[in-house]
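The model shown is predicted, which means the values in this text are computed figures rather than measured ones. Sequence lines set the chain letters: A, B, ... in the order given, protein chains first and strands last, and positions in each chain run from 1.
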2 protein chains.
Amino acid sequence: MPTSRSYRDSCGVARALDVVGERWALLVVRELLLVPQRFSELRRALPNVSSNLLSDRLRELEDNGVVRRSAPTEGPRIYELTEWGRKLEPMLRALGDWGIDAPQPPSPSSLSATSVLIFLEGAARPDPEAPPMDCSLELDGRVWTVRVASGRVQVLPGAPATAAVSLRTEPATLSALLSDPGTLTAACADGRVSVVGDLPVVERLLRAVTEPWSGDRASAPQ
Amino acid sequence: MPTSRSYRDSCGVARALDVVGERWALLVVRELLLVPQRFSELRRALPNVSSNLLSDRLRELEDNGVVRRSAPTEGPRIYELTEWGRKLEPMLRALGDWGIDAPQPPSPSSLSATSVLIFLEGAARPDPEAPPMDCSLELDGRVWTVRVASGRVQVLPGAPATAAVSLRTEPATLSALLSDPGTLTAACADGRVSVVGDLPVVERLLRAVTEPWSGDRASAPQ
DNA sequence: CAGGATCCTTAGCGATACTG
DNA sequence: CAGTATCGCTAAGGATCCTG
């Protein structure tokens, strides 16, 4: 599709980059991985992108079949990934894993709820023998279900039917807790995290990232 | 590192894109996946990148620890991936797989030897029961070893010690053969492919892409 | 306030030419 | 061969303004 600035290379990598290689494009896709979003939600998640550029990217991604916009006539438009766009998820996870070892960006740097949740999904290795449970997690004013089941963590939009524990915090605080679960009680004390329910459940969830359960599939193949 | 145009986002994806998100950067990494290359070889593989931009990208990738240049004083400089840069391989394979479904770029479009070889490695599913063998493959004047063993294909730089068959062709021709192995005899007849040795071996290798061996691990999980 | 559109400025890109 | 220098062009970035 992109004739003007195409790589003009038949390789799959180059053709993929013709579609999602423009600046901000992959971060927009990242934001849409967990749940469809509105324009203003994307702007909040990506505060460093200007509105016109976000608008351009969304249109280009839509033209190329990566993103679809629903509710064209009434109410706020919702942007969501197409089937094909959703297939970028493994690639984005691999890219994110690689980027963990990159130097930290200059402060101040943003951190969207989606970013932290995707990291949580990918990094947590809970005990596969533990009984399934759902947690309620409010980040940036939006509620998510954190489902721990069969040795992995899955994040779903919306509140769970029944929650083992409910917590509310900010993405940056959650990210800090995932790096150092030991600061949980301090974070609760000074109000950066509010927990309703079973605190040890939260402890175990956080430690599933830094201290993966050591079983059959705990360590990477390599 | 990149202060001027960093995404300023702590997410792993954004930090990765701060390093390899600039135009042409990932295609340079792709070219270096199989073997270290010289500046002129990279230019031949990526004919649509201007020399100054390639020079800039190589320097930035070097500054960011993705690429290393060897032989600093004497003879031609060689660019190779660092340990960290090599870890981009799974992500590039996932991106390339995704890009296969993208629309073809406008003609004329280039196709490097490395591109086709990486695709061959990723797409071929030979019979795991078949005995191991090496083929010699000359593309664009460089010789590679195509190793078929334990149900997969591996491409190594340089000629094999003993080759079950030797062939010489161009990347575009090989790509066409991988899409439609039936045209092999025609390609041999008109000289686009020259084969020395056992022709049926080549047939089986090509068909391992279009007609994967149907065993335990033949089809993708999803 | 959501969802852009329209400026303007700057920085990165692309093509060509040039040099050690 | 392996880059560097120059330069016009276009995309990115930022601000403001518009429209329901």
Verify the contact: side-chain N or O of [X] to OP1 or OP2 of [N], cut-off strictly under 4.0 Å; return yes or no.
X: A:Arg59; N: C:dG4; answer: no
X: A:Tyr79; N: C:dG4; answer: yes
X: A:Arg77; N: C:dG3; answer: no
X: B:Arg57; N: C:dG12; answer: no

Would you kindly give the [atom1]-to-[atom2] distance between [X] and [N], to the nearest whole Å?
X: B:Asp56; N: D:dA2; atom1: CG; atom2: P; answer: 17 Å
X: B:Gln37; N: D:dC1; atom1: CD; atom2: P; answer: 15 Å
X: B:Glu41; N: D:dG3; atom1: CD; atom2: C1'; answer: 15 Å
X: B:Glu60; N: C:dA11; atom1: CD; atom2: P; answer: 15 Å
X: A:Glu62; N: C:dG3; atom1: CD; atom2: C1'; answer: 14 Å
X: B:Leu58; N: C:dC13; atom1: CG; atom2: C1'; answer: 16 Å
X: B:Ile78; N: D:dC1; atom1: CD1; atom2: C1'; answer: 12 Å
X: A:Leu42; N: C:dA2; atom1: CG; atom2: C1'; answer: 12 Å

Original post:
Residues two or more places apart in sequence or in another chain: which of them pass side chain to side chain donor-acceptor pair (under 3.5 Å) with A:Asn52?
Top reply: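 With neighbours one apart ignored, the set is A:Ser50.
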
Original post:
Under the salt bridge (charged side-chain N to carboxylate O under 4.0 Å, His left out) test, which residues partner B:Arg68, sequence neighbours left out?
Top reply: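 Only B:Glu80 meet the salt bridge (charged side-chain N to carboxylate O under 4.0 Å, His left out) criterion with B:Arg68.
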
Original post:
Taking only residues two or more places apart in sequence, or in another chain, which ones meet A:Arg57 in a salt bridge (charged side-chain N to carboxylate O under 4.0 Å, His left out)?
Top reply: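 A:Arg57: salt bridge (charged side-chain N to carboxylate O under 4.0 Å, His left out) contacts with A:Glu22, A:Glu60.
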
**OP:** Have a look at B:Arg43 and say if it touches a base, only the backbone sugar-phosphate, or nothing, with a 4.0 Å heavy-atom cut-off.
**Re:**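 Counting heavy atoms under 4.0 Å across all strands, no contact is made by B:Arg43.
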
**OP:** May I ask you to say what A:Arg44 touches in the nucleic acid, namely base, sugar-phosphate or nothing, with a heavy-atom cut-off under 4.0 Å?
**Re:**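 The residue A:Arg44 makes no contact with any strand.
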
Subject >> Salt bridge B:Asp56-B:Arg59, side-chain N to carboxylate O under 4.0 Å >> reply: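 Judged by the 4.0 Å cut-off on N to carboxylate O distance, B:Asp56 and B:Arg59 do form a salt bridge.
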
Taking only N/O atoms, report every protein-nucleotides 13-20 of chain D pair under 3.5 Å with atom names and distance.
{"residue": "D:dG13", "atom": "OP1", "partner": "A:Arg23", "partner atom": "NE", "Å": "2.2"}
{"residue": "D:dG13", "atom": "OP1", "partner": "A:Arg23", "partner atom": "NH2", "Å": "2.9"}
{"residue": "D:dG13", "atom": "OP2", "partner": "A:Arg23", "partner atom": "NE", "Å": "3.4"}
{"residue": "D:dG13", "atom": "OP2", "partner": "A:Trp24", "partner atom": "NE1", "Å": "2.6"}
{"residue": "D:dG14", "atom": "O6", "partner": "A:Asn52", "partner atom": "ND2", "Å": "2.4"}

Subject >> ring pair (Phe, Tyr, Trp, His ring centres under 6.0 Å) contacts touching residues 80-113 of chain B (sequence neighbours left out) >> reply: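 Checked against ring pair (Phe, Tyr, Trp, His ring centres under 6.0 Å) - neighbours excluded - the pairs reaching residues 80-113 of chain B are A:Trp84-B:Trp98, A:Trp98-B:Trp84.
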
If you look only at distance, which donor and acceptor atoms sit under 3.5 Å apart when one is on a side chain in residues 162-180 of chain B and the other is two or more places apart or in another chain?
{"residue": "B:Thr169", "atom": "OG1", "partner": "B:Arg192", "partner atom": "O", "Å": "2.8"}
{"residue": "B:Ser179", "atom": "OG", "partner": "B:Ser175", "partner atom": "O", "Å": "3.3"}
{"residue": "B:Asp180", "atom": "OD1", "partner": "B:Gly182", "partner atom": "N", "Å": "3.1"}

Original post:
Does anything in residues 113-123 of chain B pair up under salt bridge (Lys or Arg N to Asp or Glu O under 4.0 Å), and if so which pairs, sequence neighbours excluded?
Top reply: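 Residue pairs passing salt bridge (Lys or Arg N to Asp or Glu O under 4.0 Å), neighbours aside: B:Arg93-B:Glu121.
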
**OP:** Would you please test B:Phe119 and B:Val209 for side chain to side chain contact (heavy atoms under 4.5 Å, CB included) and show each step?
**Re:** CA-CA 9 Å; B:Phe119 172 77; B:Val209 171; 4.2 Å; yes

If you look only at distance, which donor and acceptor atoms sit under 3.5 Å apart when one is on a side chain in residues 32-42 of chain B and the other is two or more places apart or in another chain?
{"residue": "B:Gln37", "atom": "OE1", "partner": "B:Arg142", "partner atom": "NH2", "Å": "3.4"}
{"residue": "B:Gln37", "atom": "NE2", "partner": "B:Glu31", "partner atom": "O", "Å": "3.2"}
{"residue": "B:Glu41", "atom": "OE1", "partner": "B:Arg38", "partner atom": "N", "Å": "2.7"}
{"residue": "B:Glu41", "atom": "OE1", "partner": "B:Arg142", "partner atom": "NH2", "Å": "3.3"}
{"residue": "B:Glu41", "atom": "OE2", "partner": "B:Arg142", "partner atom": "NH2", "Å": "2.7"}

Subject >> Helical bend (five base pairs per end, nearest 10°) for the helix from C:dC1-D:dG20 to C:dG20-D:dC1 >> reply: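 Helix axis angle between the two ends: 30°.
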
